[in-house]
Amino acid sequence: MVEGKVVIKKEDGVLKSLLHQPKSALAVAFSCVVAFMGIGLVDPILKSISEQLHATPAQTSLLFTSYMLVTGIVMLFTGFISSRIGAKKTLLIGLVIIIIFAGLGGLSQSVGQLVGLRAGWGLGNALFISTALATIIAVSSGATEKAIIMYEAAMGLGMSVGPLVGGLLGSITWRAPFFGVATLMAIGFVAIIMLLDPIPKPKVKSKFWDSLRALRHKGLLVTGLTALFYNFGFFTLLAYSPFLMVGYSAIQVGLVFFGWGLMLAISSVFVAPRLEEMWGTKLVMMGALGLFAVVLVVMGIGANDSTVISVCIVIAGFFQGINNTLITSAVMVVSPVERATASSAYSFIRFTGGAIAPWLAGSLAVWFNPHVTFYVAGFAVIIGIIILLAGRKALSALD
């Protein structure tokens, strides 16, 4: 690792290093895959939910808003919780909550019930996801940067497989994907119980407000605010674009987002480290954000063309994967605070951005038109670039 940069030497063999990890790390990574599946799982079935539960696109997009908002708020306090009961118990409690609320989601009779249950799902997701990264770093073999790549690989795989599973099961009924996640999470629960040994609690317990106090560090605040505006574009694409795929079945929507997730996974694991090694973290992040903003503007121009929307979704995944890896690695080294605390503080800000976007995306389409929805998303990402530029001195650890 070179001064805060995630540098994987070409001869190391990224894929080989991911596979040759302790079973405990692989068990947590598998559960991460399923957890991230839950984010994109509902994409292919948004239109079906909207039609069968008689909800508008804006109302249906609240499935993302409630999920992300609760996830973001609760993540502020996951370090406080895990430092007292231990990482393993925190992971298992999070999984149990996800299993319960995902299963109940499949039984919902109204969009209001489903939105509320997705909020409960977000609670479990916060406990699990925020603790998972620190756990993988603790139990994996090799340097920290390889653990981060493993985490990002799990995210990319989950993001790609989630829509595909959602589309396949959603072709039967929109309820099936919820039951599917509950089942897979139950498998992850058993795997962690069997394969993950108890992790020693930190000697210094996190205080209740540590994550908020951590944001006083300018470097962490800059990366968090950059992620907030980036995630505004990210979740506008994820939550609203399925409504513009006119004539697409649930499976077809799932295949488009599978392509998106595949590009996300490939670029985050294999491309981002190479680009960063050549040009540095900040420059590559700004480039990836800029190109993502361009894609969103093109989606705004072609909002009435399902083919344009589909192609742009897949292309966007490539740039999003690069940014995901680099911004996650930046958070781990940009401030002197403990990793779990930094992760919680950063996640609070970025998931808040993800929570606002789905509702506003649908509302902008109603107030104006779908074109405006993506123009605003592109502008939000540009604001993220401006924040990164303005705060670059606070990111000296990345130079």
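Below, all heavy atoms of this structure are taken into account, side chains as well, without hydrogens, waters or symmetry copies.
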Between [Y] and [X], is there a side-chain heavy-atom distance shorter than 4.5 Å?
| X | Y | answer |
| --- | --- | --- |
| L283 | L275 | no |
| F30 | L157 | no |
| W121 | M185 | no |
| L69 | F351 | no |
| F232 | V376 | yes |
| L296 | T236 | no |

Closest heavy-atom pair and its distance - [X], [Y]:
| X | Y | answer |
| --- | --- | --- |
| I251 | G167 | CG1-O, 3.4 Å |
| G105 | W174 | O-CZ3, 3.9 Å |
| V256 | Y248 | CG2-CE2, 4.0 Å |
| L114 | S108 | CD1-OG, 3.5 Å |
| Q59 | V111 | O-CG2, 4.2 Å |
| V115 | L63 | N-CD2, 3.8 Å |

[X]: side-chain contact (heavy atoms from CB on, under 4.5 Å) partners, not counting sequence neighbours:
| X | value |
| --- | --- |
| S267 | V271, F318, I322 |
| F243 | L46, K47, S50, P57, T60, S61, Y240 |
| V311 | T307, I315 |

Checking the side chain of [X] only, and the main-chain atoms of [Y] only, is there a donor and an acceptor separated by less than 3.5 Å?
| X | Y | answer |
| --- | --- | --- |
| T325 | S268 | yes |
| T173 | A176 | no |
| Q109 | L107 | yes |
| N125 | T71 | no |
| T90 | L127 | no |
| S31 | A27 | yes |

Residues which pass ring-ring contact (aromatic ring centres under 6.0 Å, His included) with F234, listed by chain and number, not counting sequence neighbours: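 Testing F234 for ring-ring contact (aromatic ring centres under 6.0 Å, His included), a comparison that skips the adjacent residues, returns Y230, W260.
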Please tell me whether [X] and [Y] are part of a single hydrophobic cluster in this structure, the criterion being side-chain heavy atoms less than 4.5 Å apart.
| X | Y | result |
| --- | --- | --- |
| V308 | F292 | no |
| I192 | I100 | yes |
| V294 | F229 | no |
| I301 | F319 | no |
| L184 | I93 | yes |

Chi angles and distances behind the side chain to side chain contact (heavy atoms under 4.5 Å, CB included) call for I45, R175: CA-CA 9 Å; I45 55 175; R175 300 178 187 277; over 6 Å; no
Spatial distance of atom [atom1] ([X]) from atom [atom2] ([Y]) [nearest 0.5 Å]:
| X | Y | atom1 | atom2 | result |
| --- | --- | --- | --- | --- |
| L91 | I85 | CG | CD1 | 9.5 Å |
| I356 | M68 | CD1 | CE | 11.0 Å |
| N369 | Y375 | CG | OH | 8.0 Å |
| F235 | Y67 | CZ | OH | 8.0 Å |
| H217 | T223 | NE2 | OG1 | 9.5 Å |
| F189 | L92 | CZ | CG | 5.0 Å |

Pair L62-T65, side chain to side chain contact (heavy atoms under 4.5 Å, CB included): steps then yes or no: CA-CA 5 Å; L62 289 174; T65 296; 4.0 Å; yes
Transitive ILVMFWY cluster of I382, excluding itself - 4.5 Å side-chain cut-off: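 Its cluster mates, by chain and number, are I386.
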Verdict with reasoning, M278 to V284, per side chain to side chain contact (heavy atoms under 4.5 Å, CB included): CA-CA 9 Å; M278 290 188 290; V284 176; over 6 Å; no
Side chain to side chain contact (heavy atoms under 4.5 Å, CB included) between M299 and L244, intermediate numbers included: CA-CA 10 Å; M299 292 178 76; L244 301 181; over 6 Å; no
F379, CZ atom: more than 12 neighbouring heavy atoms under 6.0 Å: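 No - once you tally the heavy atoms of other residues, nucleotides and ligands closer than 6.0 Å, there are 12 at most.
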Side-chain donor-acceptor pairs of residues 357-367 under 3.5 Å, sequence neighbours excluded:
| unit_1 | atom_1 | unit_2 | atom_2 | d |
| --- | --- | --- | --- | --- |
| W359 | NE1 | S363 | OG | 3.4 |
| S363 | OG | W359 | O | 2.9 |

